[in-house]
K.L.:
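Below are the structure tokens for one structure; questions will follow.
One is the number of the first residue; the rest follow in order along the sequence. Computed from a prediction, not measured in an experiment: that's the story for all the values here.
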Amino acid sequence: MLGMAHQLWQRARTLLPMQGFSFDRPLVVFQSDDWGRVGLRDREGLEELRTAGLNLGEQPYDFYTLETADDVGALSQLLKRHRDATGRPACIGMNFLSGNLDFAKMAGENFHRIHLRALADGLPEKWQRPGLFEAYREGVDAGVLWPALHGHSHFCQSAVQREIEKQTERASLITTLWKAGTPYIHWRMPWIGYEYWDPELAEDERFLPSEVQTTAIGAAVRHFVSFFSTLPTSACAPGYRANDDTHKAWAHFGVRVAQNGPGSSRPPHLDGYGLLHLYRAISFEPATSAELSVEASVNAASACFARGVPAVVSIHSINFHSTVKDFRSRTLDLVDQFLTALESKHGDLLYLHDGDIYDLVQSGRYATDSKDVSVGVSKRTFTPRRAGKS
Ligand SMILES: [Zn+2]
């Protein structure tokens with residue numbers, strides 16, 4: 001009953017006018033998930049899993065691997081070529097998993113328990129990515145990549161641990177993947193859920209208890225700090241599954257911006273913890289969308305500007321992967337076209353990251369390498385748009 005009441009309230013809420021922040025310049029923000037998270041272990045992993053009986057290739061995410069130094073370098077080069085009205089380069093907010101499964105340690109216990117390895121301690125056993133960590137840092141130093149927090153394991157550890165203990169068929173499938181150095185392929189096993197959300201429980205019990213979330217977020221933040229030497233300012237929950245307890249824990253660990261998934265068309269607003277909520281408005285995912293239209297994406301961005309809200313663009317890391325399937329070439333080409341069209345249509349366009357939007361809301365300005373930039377920010381009531389694709 002509670003679950004249904006909550007759903008009704010959520011639906012009703014999207015129809016009510018709401019207070020939010022409006023900006024008097026066209027603002028473009030990219031939010032990109034899953035960086036640093038290993039998947040299929042390249043060709044070798046593909047062969048191993050095919051031998052084990054998996055029919056890989058049915059969905060794009062079967063070929064989710066891990067970015068290489070070249071992938072990250074090519075993205076950085078593209079972003080550096082695009083400049084906004086202040087001369088600042090385009091920037092992508094990258095949401096990192098600050099840990100991966102420690103397959104070697106888990107193998108030592110016959111895969112009966114889950115162990116994580118901090119990204120700062122290197123990639124899991126058998127994973128090779130020469131120069132990748134340097135490529136991240138080079139992009140961050142150049143101001144074109146902006147790291148933020150995604151999480152630690154991405155999947156719900158208690159959901160997986162439960163199957164392992166019962167030695168179910170599900171457990172044997174995920175163990176097969178682990179032996180090949182792959183944590184999971186979500187679409188093949190949606191029961192693994194998301195880091196703070198267990199799909200197998202009753203509807204109103206799916207979010208993990210507050211203290212469990214706080215511990216997980218604390219560990220993820222600690223590993224983020226040891227990798228980037230800075231606290232994350234912005235966070236996006238795996239699968240966008242965040243509740244009030246998630247927000248409270250993020251705020252506790254210094255996060256200032258909560259990223260939310262697409263579909264609601266809500267304006268940026270502050271919550272009771274002081275977190276600024278941003279909502280993705282444009283899905284730019286060439287890897288999973290054969291029919292992606294640059295023109296439609298530009299129009300969707302223009303519609304955001306007309307409402308006074310930032311065009312928040314979602315683009316997952318898979319779009320830049322290249323080792324088993326070349327997702328990267330088409331993506332870079334489309335992003336190039338998208339940015340070129342935005343720049344020519346909106347001469348006063350600004351490329352920002354989540355932290356800049358937070359600064360704008362606080363003070364009406366944000367700092368670039370060379371100067372402070374002021375933007376008119378006002379609080380106003382937004383009437384909801386009719387539900388539809390954007
Ligand atoms: Zn994710």
K.L.:
Classify the angle between the aromatic ring planes of Trp178 and Phe111 as parallel (below 30°), tilted (30 to 60°) or perpendicular (above 60°).
P.N.:
tilted
K.L.:
State whether Lys325 and Asp62 are salt-bridged, where the test is any N-O pair (Lys NZ or Arg NE/NH1/NH2 against Asp/Glu carboxylate O) under 4.0 Å.
P.N.:
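Answer for the salt bridge query: no.
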K.L.:
Do Trp197 and Ile192 belong to the same hydrophobic cluster, where Ile, Leu, Val, Met, Phe, Trp and Tyr are linked whenever their side-chain heavy atoms lie under 4.5 Å apart, directly or via other members?
P.N.:
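No; Ile192 is not reachable from Trp197 via cluster members.
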K.L.:
Do Phe224 and Leu132 sit in one hydrophobic cluster, given that two such residues count as connected whenever their side-chain heavy atoms are within less than 4.5 Å of each other, even indirectly?
P.N.:
yes
K.L.:
If you measure from the Lys or Arg side-chain nitrogens to the Asp or Glu carboxylate oxygens, is any gap between Lys179 and Glu48 under 4.0 Å?
P.N.:
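No, this pair does not count.
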K.L.:
Got more than 12 heavy atoms from elsewhere within 6.0 Å of CZ, Arg365?
P.N.:
no
K.L.:
Assess the residue pair Val212 and Asp245 against the criterion (side chain to side chain contact (heavy atoms under 4.5 Å, CB included)); give the C-alpha distance rounded to whole Å, side-chain angles, the decisive distance to 0.1 Å, and a yes or no.
P.N.:
CA-CA 10 Å; Val212 177; Asp245 293 328; over 6 Å; no
K.L.:
Can you tell me if Gln167 has over 12 outside heavy atoms packed within less than 6.0 Å of its CD?
P.N.:
no
K.L.:
Which atom pair, heavy atoms only, marks the closest approach of Arg280 to Asn95?
P.N.:
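What the structure gives for the nearest pair is NH2-ND2, 3.4 Å.
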K.L.:
Is there a side chain to side chain contact (heavy atoms under 4.5 Å, CB included) between Leu231 and Phe253? Walk through the geometry before answering.
P.N.:
CA-CA 8 Å; Leu231 280 164; Phe253 289 108; 5.6 Å; no
K.L.:
Any non-hydrogen side-chain atom of Leu27 less than 4.5 Å from a side-chain atom of Leu360?
P.N.:
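They are in side-chain contact.
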K.L.:
Indicate the atoms forming the closest heavy-atom contact of Ile92 with Ser32, along with that distance.
P.N.:
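Closest heavy-atom pair between Ile92 and Ser32: CG2-CB, 3.8 Å.
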K.L.:
Classify the ring geometry between Tyr279 and His269 as parallel (under 30°), tilted (30 to 60°) or perpendicular (over 60°).
P.N.:
parallel
K.L.:
Run the numbers on Ser302 and Asn299 for side chain to side chain donor-acceptor pair (under 3.5 Å), then give the verdict.
P.N.:
CA-CA 5 Å; Ser302 300; Asn299 290 341; 5.1 Å; no
K.L.:
If you measure from the Lys or Arg side-chain nitrogens to the Asp or Glu carboxylate oxygens, is any gap between Glu138 and Lys80 under 4.0 Å?
P.N.:
yes
K.L.:
Using side-chain heavy atoms (C-beta onward) and a distance below 4.5 Å, is His316 in contact with Tyr61?
P.N.:
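His316 reaches Tyr61 side chain to side chain.
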K.L.:
Could you check whether any side-chain heavy atom of Tyr194 comes within less than 4.5 Å of a side-chain heavy atom of His186, counting everything from C-beta outward?
P.N.:
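With C-beta onward as the side chain, the pair touches.
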K.L.:
Quick check: does any side chain N or O of Trp146 sit under 3.5 Å from a backbone N or O of Cys91, one acting as donor and the other as acceptor?
P.N.:
no
K.L.:
Are Met94 and Ser317 side-chain neighbours, meaning at least one heavy-atom pair lies under 4.5 Å?
P.N.:
no
K.L.:
For the pair Arg25 and Asp84, find out whether any cationic side-chain nitrogen is under 4.0 Å from an anionic carboxylate oxygen.
P.N.:
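No.
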K.L.:
Side chain to side chain contact (heavy atoms under 4.5 Å, CB included), that's the test. Do Leu119 and Leu123 meet it? Break it down for me.
P.N.:
CA-CA 6 Å; Leu119 197 57; Leu123 295 172; 4.0 Å; yes
K.L.:
So, do Ile185 and Tyr64 sit near enough that their side-chain heavy atoms are less than 4.5 Å apart?
P.N.:
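When only atoms from C-beta onward are counted, Tyr64 and Ile185 do not touch, as no gap falls below 4.5 Å.
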K.L.:
Check whether more than 12 heavy atoms from other residues, nucleotides or ligands sit under 6.0 Å from atom CD of Gln362, and answer yes or no.
P.N.:
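It does: Gln362 CD has more than 12 such atoms within range.
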K.L.:
Do the ring planes of Phe133 and Phe227 sit parallel (below 30°), tilted (30 to 60°) or perpendicular (above 60°)?
P.N.:
perpendicular
K.L.:
Hey, are the side chains of Asp33 and Tyr240 touching, using non-hydrogen atoms and a 4.5 Å cut-off?
P.N.:
yes
K.L.:
Of all the heavy-atom pairs spanning Leu292 and Ser297, show the shortest one and how long it is.
P.N.:
CD2-OG, 4.4 Å
K.L.:
Between Tyr184 and His154, does a side chain to side chain donor-acceptor pair (under 3.5 Å) hold up when you go through it step by step?
P.N.:
CA-CA 10 Å; Tyr184 63 85; His154 207 287; 3.1 Å; yes
K.L.:
With respect to Arg170, which candidate in Glu163, Arg162, Met189 satisfies the side-chain contact (heavy atoms from CB on, under 4.5 Å) definition?
P.N.:
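The single option meeting the side-chain contact (heavy atoms from CB on, under 4.5 Å) with Arg170 is Glu163.
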K.L.:
Tell me, do Arg188 and Leu56 make a side-chain contact under 4.5 Å, heavy atoms counted?
P.N.:
yes
K.L.:
When clusters are formed by joining ILVMFWY residues with side-chain heavy atoms under 4.5 Å apart, either directly or through shared neighbours, do Leu349 and Phe338 land in the same one?
P.N.:
yes
K.L.:
Salt bridge check, Asp42 against Arg129: does any charged N sit closer than 4.0 Å to a carboxylate O?
P.N.:
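Looking at Asp42 together with Arg129, the answer is yes, because their closest N to O distance falls below 4.0 Å.
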K.L.:
Start with the C-alpha distance between Val72 and Trp35, add both sets of side-chain angles, then the distance that settles side chain to side chain contact (heavy atoms under 4.5 Å, CB included), and finish with yes or no.
P.N.:
CA-CA 10 Å; Val72 174; Trp35 296 88; 4.2 Å; yes
K.L.:
I want to check something: taking the side chain as every heavy atom from C-beta on, are Cys236 and Gln31 in contact at a cut-off of under 4.5 Å?
P.N.:
no
K.L.:
Treating Arg41 as the side-chain partner and Ala180 as the backbone partner, does any N or O pair qualify as donor plus acceptor under 3.5 Å?
P.N.:
yes
K.L.:
If we check salt bridge (charged side-chain N to carboxylate O under 4.0 Å, His left out) with Arg88, which of these qualifies: Asp372, Asp369, Asp356?
P.N.:
Asp356
